[in-house]
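Inspection log for the structure reproduced underneath, given as structure tokens.
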Amino acid sequence: MAETRHTSVLIIGSGPAGYTAGVYASRAMLSPILVQGIEPGGQLTTTTEVENWPGLTEVQGPDLMIQMEAHAKAMGCEIIGDIIMSLDTTARPFTAIGDSGTIYTADAVILATGARAKWLGLPSEDAYKGFGVSACATCDGFFYRGQEIVVIGGGNTAVEEALFLTNFASKVTLIHRRDELRAEKILIDRLMKNPKIEPLWFHQLDEVVGEDNPKGVTAVRVKHVKTGEITEIPCKGVFVAIGHAPANELVKDVLELHNGGYVTVKPGSTETSIPGIFAAGDLTDHKYRQAVTSAGMGCMAALDAERFIAENAV
Ligand SMILES: Cc1cc2nc3c(=O)[nH]c(=O)nc-3n(C[C@H](O)[C@H](O)[C@H](O)COP(=O)(O)OP(=O)(O)OC[C@H]3O[C@@H](n4cnc5c(N)ncnc54)[C@H](O)[C@@H]3O)c2cc1C
């Protein structure tokens with residue numbers, strides 16, 4: 001028979017938002033349960049150096065997430081290796097069902113399921129992820145000071161990333177399949193006026209070229225979409241900027257969403273459109289998408305949940 005577990009606060013997701021919510025909810029004596037999902041530790045487990053987590057000049061992403069998990073556990077958060085397959089938000093306590101068959105009931109739920117960068121799906125792109133291939137200019141731009149880099153994409157994300165990367169790179173080549181950009185006009189104007197950026201129209205990424213010792217990118221091969229002609233462009237960094245997809249599967253039909261699927265929260269809080277359901281981290285945030293901002297929202301969500309539980313005690 002399926003086991004049923006009740007908790008005051010169910011935290012769904014084990015990235016910086018989830019673990020920080022775990023620390024705060026535990027210290028508020030709420031005995032939270034945190035369900036880790038398919039990627040324990042979240043997106044930072046897929047990267048190498050992190051240089052913008054305050055207090056640590058440099059830390060490996062997976063190590064940082066092990067420390068966060070240990071911190072949440074030490075404060076009393078129960079951490080469970082399971083995946084939430086469904087969430088019933090129509091009645092309180094809320095009911096979530098895990099892939100293990102366990103039924104979780106909770107007075108409040110903190111959604112911290114994050115987001116995924118979209119990738120092109122090329123084997124060479126995968127091989128050099130974290131070694132020259134990135135989907136986050138804010139995170140990794142600093143590593144390419146004085147280097148030539150390429151940005152793939154033609155929407156707002158790509159234009160913003162290309163502009164931001166000119167703070168570091170000696171040259172940014174923007175590679176796009178068409179000959180016009182799908183971005184805000186003001187951004188396109190800025191891009192076109194920037195002497196460091198060179199758009200390459202009608203091309204798509206065919207292969208990332210690199211070496212293994214030390215592992216890193218040396219060039220990209222790009223293909224002309226009409227003629228099929230291949231050109232090699234020397235570069236040290238490849239930024240794939242074709243958008244992000246928030247992991248909203250559990251709530252996309254019941255919660256208010258914005259910007260193509262991010263969960264909407266009330267300004268200055270983590271309250272969603274359903275009282276008692278809170279959201280934190282990249283799942284709600286199409287703009288900043290950082291570990292530290294996610295952790296900040298995880299803190300807010302635990303404090304919001306604590307207040308909600310106190311005000312709605314039966
Ligand atoms: C390659 C890379 C490098 C990066 N480098 C940096 C950096 O240097 N600095 C920085 O600040 N940021 C960096 N980021 C961004 C940072 O990782 C994210 O902003 C941050 O991880 C978001 O945290 P989060 O807690 O919202 O969600 P995520 O880290 O996305 O975690 C989501 C969690 O939800 C879980 N989950 C999803 N669905 C379910 C479900 N149904 N049931 C249970 N659990 C579920 C997943 O298993 C995962 O644990 C990087 C991102 C990437 C991809």
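If you read the sequence from its start, that first residue is 1, and numbering goes on from there.
- Within the 4.5 Å cutoff, side-chain heavy atoms of Glu271 are placed close to those of Phe278.
- Distance CG/Leu64 to OG1/Thr47: 11.0 Å, rounded to 0.5 Å.
- To the nearest 0.5 angstrom, Phe131 atom CZ is 6.0 Å from Thr48 atom OG1.
- Two residues are said to be in side-chain contact when any heavy atoms from C-beta on lie closer than 4.5 Å; Leu174 and Leu181 meet this criterion.
- A distance of 8.5 Å separates CG of Asn259 from OG1 of Thr264, quoted to the nearest 0.5 Å.
- To the nearest 0.5 Å, atoms CE (Met65) and CD (Glu69) are separated by 8.5 Å.
- Between Tyr262 and His258, the angle of the ring planes lies from 30° to 60°, which puts this pair in the tilted group.
- In this structure the side chain of Arg221 reaches within 4.5 angstrom of the side chain of Val209, judged on heavy atoms.
- With contacts defined as side-chain heavy-atom distances shorter than 4.5 Å, the pair Ile277/Val263 does not qualify.
- Salt bridge status for Glu311 with Arg307: absent, with no side-chain N to carboxylate O gap under 4.0 Å.
- Separation of atoms CG (Leu163) and NZ (Lys196) is listed at 11.5 Å; rounding is to 0.5 Å.
- For Asn194 (side chain) and Leu191 (main-chain N/O), no donor-acceptor pair under 3.5 Å exists by modelled atom type.
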Evaluation steps, side chain to side chain contact (heavy atoms under 4.5 Å, CB included), between Leu205 and Val150: CA-CA 10 Å; Leu205 184 64; Val150 301; 5.8 Å; no
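- In this structure a side-chain-to-backbone donor-acceptor pair under 3.5 Å is missing from Glu125 to Trp119.
- Here the CG-OG1 distance, from Leu30 to Thr7, works out to 8.0 Å after rounding to the nearest 0.5 Å.
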